[in-house]
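Reckoned from all heavy atoms, side chains included, excluding hydrogens, waters and symmetry mates. Nothing here was measured: the structure is a model prediction, and the numbers come from that model.
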Amino acid sequence: HHFIITGAAGGMGRAIACLFSQLGAQLSLWDKTAEVFALAQNLGADAWQSDLKDPQAINGRAAHSHRLAPLTGLVLAQGVLRLGPAEQLSLTDWHHCIDHNATAGMLCCQAVAPLLSGGGSITLIGSNASYLARQQMAAYAASKACMAQYLNCLGLELAPRNIRCN
């Protein structure tokens, strides 16, 4: 099995990368920080540092990963959090969460889904903030809800190809 894991250098992404490596999976680790290179070296994985905002670069790197070994899955573990009162939320903070948590995930799905043949999976590491309102978390919650619904719709479209999205 060969998985791309976004947000691989920190938190849940790192834990998933370490577990998948222990289970024998081949990994392509993507993260916005340079820490991804040390992790990849430690796990014997491919690494890419990117903020996941450039569709052409994402498409190219997905193709590169697929050439290393056929892809069987994508794990979307990237995420950023900006806290603040909803009525005072800056447009900068709003866009930061939407761009990193939703748009980046959508671009990765669009790049990887066509490469998954004969089944596969796309997994979102979401947040209960996507359906459970919390103070100070409007931008984060909206971005995670956006990505969760995008993945639900994508899952309906990819089901005939035996690609699971959750």
Side-chain angles (χ1 to χ4, degrees), residues 1-69 71-84 89-113 115-116 120-130 134 136-148 150-151 154 165-166:
H1 297 290
H2 182 195
F3 293 90
I4 292 173
I5 302 173
T6 67
M12 293 292 292
R14 177 181 286 273
I16 292 165
C18 291
L19 176 63
F20 281 20
S21 177
Q22 288 174 355
L23 295 173
Q26 183 168 347
L27 302 174
S28 293
L29 307 178
W30 297 1
D31 198 274
K32 65 183 177 181
T33 69
E35 295 172 33
V36 71
F37 297 112
L39 178 63
Q41 184 176 15
N42 194 29
L43 299 179
D46 181 54
W48 184 42
Q49 182 181 357
S50 173
D51 63 6
L52 303 177
K53 291 184 179 179
D54 179 351
Q56 285 184 308
I58 293 168
N59 288 337
R61 194 58 187 207
H64 166 81
S65 294
H66 190 62
R67 282 191 301 274
L68 296 175
L71 289 166
T72 53
L74 168 65
V75 178
L76 299 163
Q78 84 281 359
V80 297
L81 172 65
R82 293 281 172 100
L83 298 174
L89 186 63
S90 73
L91 192 55
T92 300
D93 285 347
W94 175 264
H95 282 293
H96 187 75
C97 285
I98 296 294
D99 289 348
H100 284 85
N101 297 339
T103 305
M106 183 261 313
L107 292 172
C108 290
C109 288
Q110 288 181 339
V112 172
L115 303 174
L116 298 174
S121 65
I122 299 175
T123 304
L124 171 66
I125 305 304
S127 170
N128 63 5
S130 68
R134 293 199 180 100
Q136 309 283 317
M137 294 180 73
Y140 177 78
S143 68
K144 288 297 190 174
C146 176
M147 192 60 212
Y150 173 82
L151 206 62
L154 183 63
C165 298
N166 55 355

Below 4.5 Å, heavy atoms only, C-beta onward: do [X] and [Y] meet side chain to side chain?
X	Y	value
Met137	Leu81	yes
Ser65	Trp30	yes
Leu52	Leu107	no
Leu151	Asn166	no

Heavy-atom pair with the smallest gap, counting every atom of [X] and [Y]:
X	Y	value
Ser28	Leu68	OG-CD1, 4.4 Å
Ala57	Trp48	O-CH2, 3.6 Å
Asn101	Ser143	ND2-OG, 3.0 Å
Asn59	Ala111	OD1-CB, 3.0 Å
Ala62	Val112	CB-CG2, 4.1 Å
Ile122	Ala113	CD1-CB, 4.2 Å

Any donor-acceptor pair under 3.5 Å linking the side chain of [X] with the backbone of [Y]?
X	Y	result
Thr6	Ala77	yes
Asp31	Ala9	yes
His66	Leu71	yes

How far does [atom1] of [X] sit from [atom2] of [Y], to the nearest 0.5 angstrom?
X	Y	atom1	atom2	value
Leu124	Leu154	CG	CG	11.0 Å
Ile58	Met106	CD1	CE	8.5 Å
Thr72	Leu115	OG1	CG	11.5 Å
Arg14	Leu29	CZ	CG	9.5 Å
Cys108	Ile5	SG	CD1	12.5 Å

Would you say that more than 12 heavy atoms from the other residues, nucleotides or ligands in this model lie under 6.0 Å from the CE of Met12, or not?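 Counting neighbours around CE of Met12, 12 or fewer heavy atoms of other residues, nucleotides or ligands fall under 6.0 Å, so no.
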Under the salt bridge (charged side-chain N to carboxylate O under 4.0 Å, His left out) rule, collect the residues that match up with Arg61, sequence neighbours excluded.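 Expected list: Asp46.
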Start with the C-alpha gap between Thr123 and Ile16, add the side-chain angles, then the distance that decides, and say whether side-chain contact (heavy atoms from CB on, under 4.5 Å) holds. CA-CA 11 Å; Thr123 304; Ile16 292 165; over 6 Å; no
Considering residues at least two apart in sequence or located in another chain, which fulfil the ring-ring contact (aromatic ring centres under 6.0 Å, His included) criterion with Tyr140?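 Here no residue qualifies.
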Tell me every residue that passes ring-ring contact (aromatic ring centres under 6.0 Å, His included) with His100, counting only those two or more places apart in sequence or in another chain. His96
Chi angles and distances behind the side-chain contact (heavy atoms from CB on, under 4.5 Å) call for Lys32, Val80: CA-CA 11 Å; Lys32 65 183 177 181; Val80 297; 3.2 Å; yes
Would you check, one step at a time, whether the test side-chain contact (heavy atoms from CB on, under 4.5 Å) holds for Ser121 with Leu116? CA-CA 8 Å; Ser121 65; Leu116 298 174; over 6 Å; no
